[in-house]
There are 2 protein chains.
Amino acid sequence: MDADQRAAHIVNAWQDAWNASDMDALMALFADDSHWVNVVGMHWQGKRAVEHAHRAYFDLMFRGVAQRLEQIEHVAVLPGGTLVVVARWWMDSFREPDGATKPAHRNRMTIVIVPDGDRDLIVHGMNVTIDEYAQQFDPARTLTAAA
Amino acid sequence: MDADQRAAHIVNAWQDAWNASDMDALMALFADDSHWVNVVGMHWQGKRAVEHAHRAYFDLMFRGVAQRLEQIEHVAVLPGGTLVVVARWWMDSFREPDGATKPAHRNRMTIVIVPDGDRDLIVHGMNVTIDEYAQQFDPARTLTAAA
């Protein structure tokens, strides 16, 4: 597989595992020494923490909440076959633990994946909610459009 | 330099350049094919966009706004000498373009750096504002504390 195919493969596997609420499949994508920084700035250090947090959040609020890939925006190929992948997602609304409803929204996720035998594993992930109002003020918006 | 020293070197260079509002020094840390995803989910694709956006935001609101490193929380060493670095920052309050005051806050930044001759360059960066209220509900908080 080339870099774009590798990126698509792991992002699609993420999407399938998420939408099936299949934490075993989701966590199989992670390396043992993986870290995650989530949309509110929590930093989960090590696969045990990443897994504990994801399982807890699926129990609390994410089970059955659809996430849909909009676009893989960037695939950077680094030495040794490491890839940095930026993907844009749409996520359906869900009920937060305090009872408030988080409306449907989009987010951008960066994952760093490293070859491990015949597969790739996530060693780092981070995501951020897209502030739709702010996007119109992106200083680089016209540059990006022209690129 | 070992990995921790390399991480500290580039993070300190970031801090110095930021606090001096020195965009030439800041942009010298970036590879040509670098990307950045900012705290409101803007994705700057390529160094030209990263630079344009940073210069615009320093002109608009960041000039003289202090950013202080709290801690380098994680340094992952990947094949070929690539590092993934997670750093936690404190940032002073500033006036947003619409006149609102963003209070002092903390953020977590992930950067991916790659050796280039005798230096390292940033190929990817992403940061997210730390929601201080949310941190107490971090499912992995007790795990992290126990690690």
Side-chain angles (χ1 to χ4, degrees), chain A residues 31 33-46 48-57 59-60 73-74 76 78-82 84 86 88 97-98 106-110 112 114-115 123-135 137-144 147, chain B residues 31 33-46 48-57 59-60 73-74 76 78-82 84 86 88 97-98 106-110 112 114-115 123-135 137-144 147:
Chain A
D33 187 20
S34 48
H35 282 228
W36 192 275
V37 180
N38 83 344
V39 293
V40 290
M42 296 172 184
H43 179 190
W44 299 323
Q45 309 202 24
R48 181 164 161 257
V50 173
E51 176 160 5
H52 183 83
H54 276 86
R55 288 187 184 277
Y57 277 160
D59 286 344
L60 274 170
E73 296 183 331
H74 179 54
L78 304 186
T82 297
V84 180
V86 181
R88 193 178 69 246
D98 64 1
R106 302 192 304 167
N107 71 78
R108 281 193 166 99
M109 167 197 285
T110 295
V112 181
V114 173
V123 295
H124 194 84
M126 192 169 190
N127 54 4
V128 58
T129 301
I130 295 176
D131 178 336
E132 299 289 351
Y133 175 75
Q135 302 307 302
F137 302 113
D138 184 345
R141 196 169 56 103
T142 50
L143 291 180
T144 304
Chain B
D33 187 20
S34 47
H35 282 228
W36 192 275
V37 179
N38 83 346
V39 293
V40 290
M42 297 173 183
H43 179 190
W44 299 324
Q45 309 202 23
R48 182 164 161 257
V50 173
E51 176 160 4
H52 183 84
H54 276 87
R55 289 187 183 277
Y57 277 159
D59 286 344
L60 274 171
E73 297 182 330
H74 179 55
L78 305 186
T82 297
V84 180
V86 181
R88 191 179 70 246
D98 64 1
R106 303 192 303 167
N107 71 76
R108 281 194 166 99
M109 167 196 286
T110 296
V112 181
V114 173
V123 295
H124 194 84
M126 192 167 190
N127 54 4
V128 58
T129 301
I130 295 176
D131 178 336
E132 300 289 352
Y133 175 75
Q135 302 307 303
F137 303 113
D138 183 345
R141 195 169 57 101
T142 50
L143 290 181
T144 304

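First the proteins, then the strands, lettered A, B, ... as listed; each starts at 1.
Annotation: side-chain contact (heavy atoms from CB on, under 4.5 Å) contacts of A:Ala56 (sequence neighbours excluded): B:Pro139. Looking at residues two or more places apart in sequence or on another chain, you find no ring pair (Phe, Tyr, Trp, His ring centres under 6.0 Å) involving B:His124.
Heavy atoms of B:Thr129 lying under 4.5 Å from chain A belong exclusively to its backbone. For a residue to count as touching a neighbouring chain, one of its non-hydrogen atoms must lie under 4.5 Å from one of that chain's; by this rule A:Ala76 does not touch chain B. Only the backbone of A:Val39 comes within contact range of chain B, judged by heavy atoms closer than 4.5 Å. Neither the backbone nor the side chain of B:Tyr133 comes within contact range of chain A; no heavy atoms are under 4.5 Å apart. Both the backbone and the side chain of B:Ala134 come within less than 4.5 Å of a heavy atom of chain A. The contact between B:Asn38 and chain A is made entirely by backbone atoms, counting heavy-atom distances below 4.5 Å.
Comparing A:His52, A:Glu73, A:His74 by how many heavy-atom pairs each has under 4.5 Å with chain B, the most go to A:His74. Of the listed residues (A:Val123, A:Val114, A:Val112, A:Val86), the one with the most heavy-atom contacts under 4.5 Å to chain B is A:Val86. Ranked by heavy-atom pairs shorter than 4.5 Å toward chain A, the options B:Thr110, B:Ile130, B:Asp33 are led by B:Thr110. Options A:Val37, A:Thr82, A:Leu78 differ in how many heavy-atom pairs under 4.5 Å they form with chain B, and the most are formed by A:Leu78.
Between A:Gly80 and B:Pro79 the shortest heavy-atom distance is CA-CB, 4.1 Å. Shortest non-hydrogen contact noted between B:Trp44 and B:Val50 is O-CG2, 3.8 Å. Looking at every heavy atom in both residues, A:Gln135 comes nearest to A:Arg141 through O-CD, 3.5 Å.
No donor-acceptor pair under 3.5 Å is formed between the side chain of A:Arg108 and the backbone N or O of A:Arg88.
Between atom CG of residue B:Asn127 and atom CE of residue A:Met126 there is a gap of 6.5 Å, rounded to the nearest 0.5 Å.
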